[in-house]
Amino acid sequence: MRYISTRGESPALGFEDVLLAGLASDGGLYVPETLPRFTIEEIASWAGLPYSQLAFNVMYPFVEGAIPEQDFRDMVNDTYAVFEHKSVAPLVQVDSNEWIMELFCGPTLAFKDFALQLLGRLLDYVLKRRNERVVILGATSGDTGSAAIEGCKHCDNVDIFILHPHKRVSDVQRKQMTSIISDNVFNIAVEGNFDDCQQMVKDSFGDQSFLGGTRLVAVNSINWARIMAQIVYYFSASLALGGPSRSVSFSVPTGNFGDIFAGYLARNMGLPINQLIVATNKNDILHRFISQNQYELHPLEHTLSPSMDIMVSSNFERLLFDLYGRDGKALAALMGEWKTKSGSIDNSRWKSARALFDSHSVDDDRTCAVIKEVYEQTGYLVDPHTAIGVDAARVCRRSVSAPMVTLATAHPVKFPEAVEKAGVGVMPSLPPHMADLFDREEKYDVIANDLASVQQYVKDHRRN
Ligand SMILES: *Cc1c(COP(=O)(O)O)cnc(C)c1O
C-alpha cells in the first residue's frame with residue numbers, strides 16, 4: 001500500500017514512512033492511494049470473530065508489503081489483549097434499536113487507546129528494524145497525552161515528552177499521565193495554557209535542529225496509523241447488530257474529525273453504513289459546514305467536553321480531498337483560500353457529502369440535560385462527549401429500522417465536573433483496575449512557558 005498527500009505535491013510513501021511522518025512536506029495529510037474493498041460475503045464471514053482477528057482482517061491491507069503477516073497479527077493481538085472488556089468494544093442498549101459502543105475499556109479510559117496502543121507497538125517494531133531512535137513530542141489538554149504515554153512506555157527506541165498546561169488539566173487526567181514511571185516517559189507541566197503548549201510543539205516540529213538530527217514524531221490524529229486503527233470498531237459494531245446484511249448508523253462525538261473519518265472509510269471499504277452523524281459541542285465549525293455549507297473560523301470556546309474544543313478540524317482535509325475528486329492541486333488552492341477567509345464548496349460536492357453525513361451542535365446545558373435524561377431512563381451514566389453523541393443521534397436520526405450506535409469516547413469518571421453539573425445524584429467511580437490511581441506516585445517537572453527552556457529539557461533528558 002502506498003500513501004499520497006492530499007495536496008498532491010509530496011512523493012508517495014510506504015506505510016513505514018507514513019507512520020514516522022507527520023504532515024506531508026507540501027502541508028497536506030497522507031491518505032491511502034487506493035482503499036481496500038471487501039465484499040459483503042467477505043465481511044459476513046467475519047461475524048463472531050474475536051476483536052483482534054477482525055482488526056487484523058480490516059487493517060492488514062494497509063500495512064501489506066511493509067510488515068509480514070505474522071508479525072502484524074502478533075502486534076494486533078498484544079494491543080487488544082490489554083483492554084479490560086473481553087469483547088474490547090462492547091455495546092450497551094439504551095433505547096429501541098439504539099446503542100452505545102463503549103470505546104473506553106483501554107488503559108486510559110478513552111477511545112484514543114484503540115489507536116495509540118497499536119501505534120506504540122508499530123513504532124517500536126519499525127524503529128528496531130531500522131535501528132533508529134526518535135523523540136515524540138506532543139501537547140495535551142487531557143486524553144491524547146495519557147493514551148500516547150501508555151502506548152509508548154515500553155518502546156525501547158522512543159523517548160516521549162508530553163506537555164500539559166500546569167494546573168489546567170483534571171486530576172484524573174494528570175494522574176493518568178504522571179503516574180507512569182518509565183525511563184523514556186517525560187511529563188512537562190508548562191506554566192502556560194494549552195495553546196502555549198501546542199505552539200511550542202508546532203515550533204519544534206517546524207525547526208527540529210535543537211535535536212541534532214534525531215527525528216521528531218507526531219502522535220496527534222494527523223498520523224495515518226491512528227485513523228487506520230479506528231476503522232475496525234465500525235465493522236465490529238455492525239457485525240454485532242446484524243450487519244453487513246443490514247445497514248447501521250453511527251453518531252460520533254467529533255473534534256478533529258479523526259474518529260468519524262474512520263467511519264467514512266469503513267463505508268468506502270464496503271461496510272453498509274446508513275448515516276454518519278457529526279456531533280459537536282459549541283465549537284461547531286463542522287456542524288456549520290455540514291448543515292449550511294459554510295466554513296468559517298470562530299474563536300475557541302471552553303466547554304464541559306474539552307476533548308472536542310477545537311477551532312479547526314485537522315482531518316477534515318482528508319474528506320475534502322475525496323469531495324474534490326482527489327485532485328490535490330484543487331484542494332491545495334482551496335486550503336490556501338480558507339486560510340484567510342471563510343468559504344463554501346460547490347453545491348454538488350457538498351450535496352454528495354450530505355448524502356451520508358448529518359450534524360448537530362450541543363451546548364453545555366443540553367449536554368448536562370442529556371446525561372441526566374439517559375441516567376434517569378436507563379441507569380446508565382454517559383460522559384459529556386458521549387452525551388453530545390446521544391443527543392445528535394436522536395435529533396438527526398433518519399431511519400428507525402437502522403440500528404443507531406453512538407460512540408462512547410470516554411468513561412464518565414474522566415469528566416466528573418459535567419456529571420456533577422448534570423445533577424444525577426451519583427458520581428462515576430474509577431473501574432477496579434484503576435481504583436488506586438490517586439495513591440500512585442507521580443513524576444513530572446514544571447517548566448517556564450518558554451520554548452528554549454522546553455527544548456533544553458528535551459535535549460537534557462532524552463536517552464541518547
Ligand atoms: C479525542 C476525543 C474526541 C474527538 O475525537 P476526534 O477524532 O478528534 O474527532 C472525542 N471525545 C473524546 C473523549 C476524545 O478524547
Side-chain angles (χ1 to χ4, degrees), residues 29 100-117 119 138-151 162 164 169-170 172-173 176-177 194 198 218-231 233-234 250-266 276-287 289-290 303-319 357 359 361-362 367 371 382-392 406-419 428:
L29 284 84
I100 283 179
M101 175 158 53
E102 295 185 331
L103 298 178
F104 50 70
C105 303
T108 72
L109 310 180
F111 83 94
K112 291 186 170 76
D113 290 326
F114 277 82
L116 286 162
Q117 283 293 315
L119 185 70
T140 192
S141 53
D143 295 338
T144 304
S146 54
I149 290 171
E150 273 287 349
I162 297 292
H164 72 264
V169 298
S170 79
V172 174
Q173 290 180 320
Q176 281 188 320
M177 295 190 278
F194 174 60
Q198 209 165 23
V219 288
N220 53 12
S221 66
I222 60 169
N223 191 306
W224 163 255
R226 283 189 56 182
I227 306 284
M228 172 181 88
Q230 291 167 200
I231 299 171
Y233 43 71
Y234 290 90
F250 292 92
S251 176
V252 187
T254 307
N256 271 323
F257 205 75
D259 208 3
I260 192 160
F261 184 70
Y264 163 83
L265 293 178
L276 285 173
I277 300 168
V278 172
T280 74
N281 61 26
K282 287 290 272 183
N283 297 287
D284 61 348
I285 186 167
L286 288 170
H287 168 57
F289 178 81
I290 301 286
T303 72
L304 290 172
S305 45
S307 302
M308 288 153 46
D309 288 349
I310 49 94
M311 290 200 301
V312 186
S313 262
S314 44
N315 281 292
F316 188 54
E317 179 167 339
R318 287 182 157 125
L319 177 68
F357 289 100
S359 67
S361 159
V362 181
T367 302
I371 294 175
V382 292
D383 103 292
H385 305 82
T386 308
I388 288 171
V390 169
D391 201 35
T406 295
L407 274 53
T409 50
H411 190 291
V413 79
K414 292 191 90 165
F415 301 97
E417 191 193 344
V419 177

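Numbering of ligands and ligand atoms starts at 1, following listing order. Keep in mind it's a predicted model, so treat the numbers as computed, not measured. Only heavy atoms go into these numbers, but all of them, side chains included; no hydrogens, no water, no symmetry mates.
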No-hydrogen, no-angle side-chain donor-acceptor test under 3.5 Å, Asn283 and Asp309: yes

Heavy-atom side-chain proximity of Ile100 to Val390 below 4.5 angstrom: yes

Backbone or side-chain N or O of Phe415 under 3.5 Å from ligand 1 N or O: no

Exam field: side chain His385 to backbone Ser307, donor-acceptor pair closer than 3.5 Å: yes

Option passing side-chain contact (heavy atoms from CB on, under 4.5 Å) with Phe415 (candidates Pro384, Ser305, Pro428): Pro384

Any N/O pair Gly258/ligand 1 closer than 3.5 Å: yes

Asn256, any N or O under 3.5 Å of ligand 1 N or O: yes

Parallel, tilted or perpendicular: ring planes of Phe257 versus Phe357, cut at 30 and 60 degrees: tilted

Which segment of Phe111 sits under 4.0 Å of ligand 1 when only heavy atoms are counted: side chain

Ligand 1 N/O within reach of Gly255 N/O, cut-off under 3.5 Å: yes

Side-chain donor-acceptor contact under 3.5 Å, Asn223 with Arg226: no

For Ala410, the ligand 1 atoms whose distance to one of its heavy atoms is below 4.0 Å: 13 (C)

Per-atom contacts, ligand 1 versus Met308 - under 4.0 Å to a heavy atom: 10 (C)

Which atom of Leu29 lies closest to which atom of Ser314, heavy atoms considered: CD2-O, 3.8 Å

Residue among Thr108, Asp383, Thr409, Val419 satisfying side-chain contact (heavy atoms from CB on, under 4.5 Å) with Lys414: Thr108

Contact (N/O only, under 3.5 Å) between Asp143 and ligand 1: yes

Numbered atoms and elements of ligand 1 in range of Thr254, under 4.0 angstrom, heavy atoms: 9 (O)

Short N or O distance, Gln230 and ligand 1, threshold 3.5 Å exclusive: no

Polar proximity ligand 1 side, Lys112 side, N/O cut 3.5 Å exclusive: yes

Verdict with reasoning, Asn281 to Thr367, per side chain to side chain contact (heavy atoms under 4.5 Å, CB included): CA-CA 9 Å; Asn281 61 26; Thr367 302; 5.9 Å; no

Contact with ligand 1 for Pro253, non-hydrogen, under 4.0 angstrom: yes

Residue among Lys112, Met177, Gln173 satisfying side-chain contact (heavy atoms from CB on, under 4.5 Å) with Ser146: Met177

Part of Asp259 within contact of ligand 1 (heavy atoms, under 4.0 Å): both

Atom 11 (N) of ligand 1 - nearest protein heavy atom and its distance: Thr409 OG1, 2.9 Å

Within reach of ligand 1, part of Lys414 (heavy-atom separation under 4.0 Å): neither

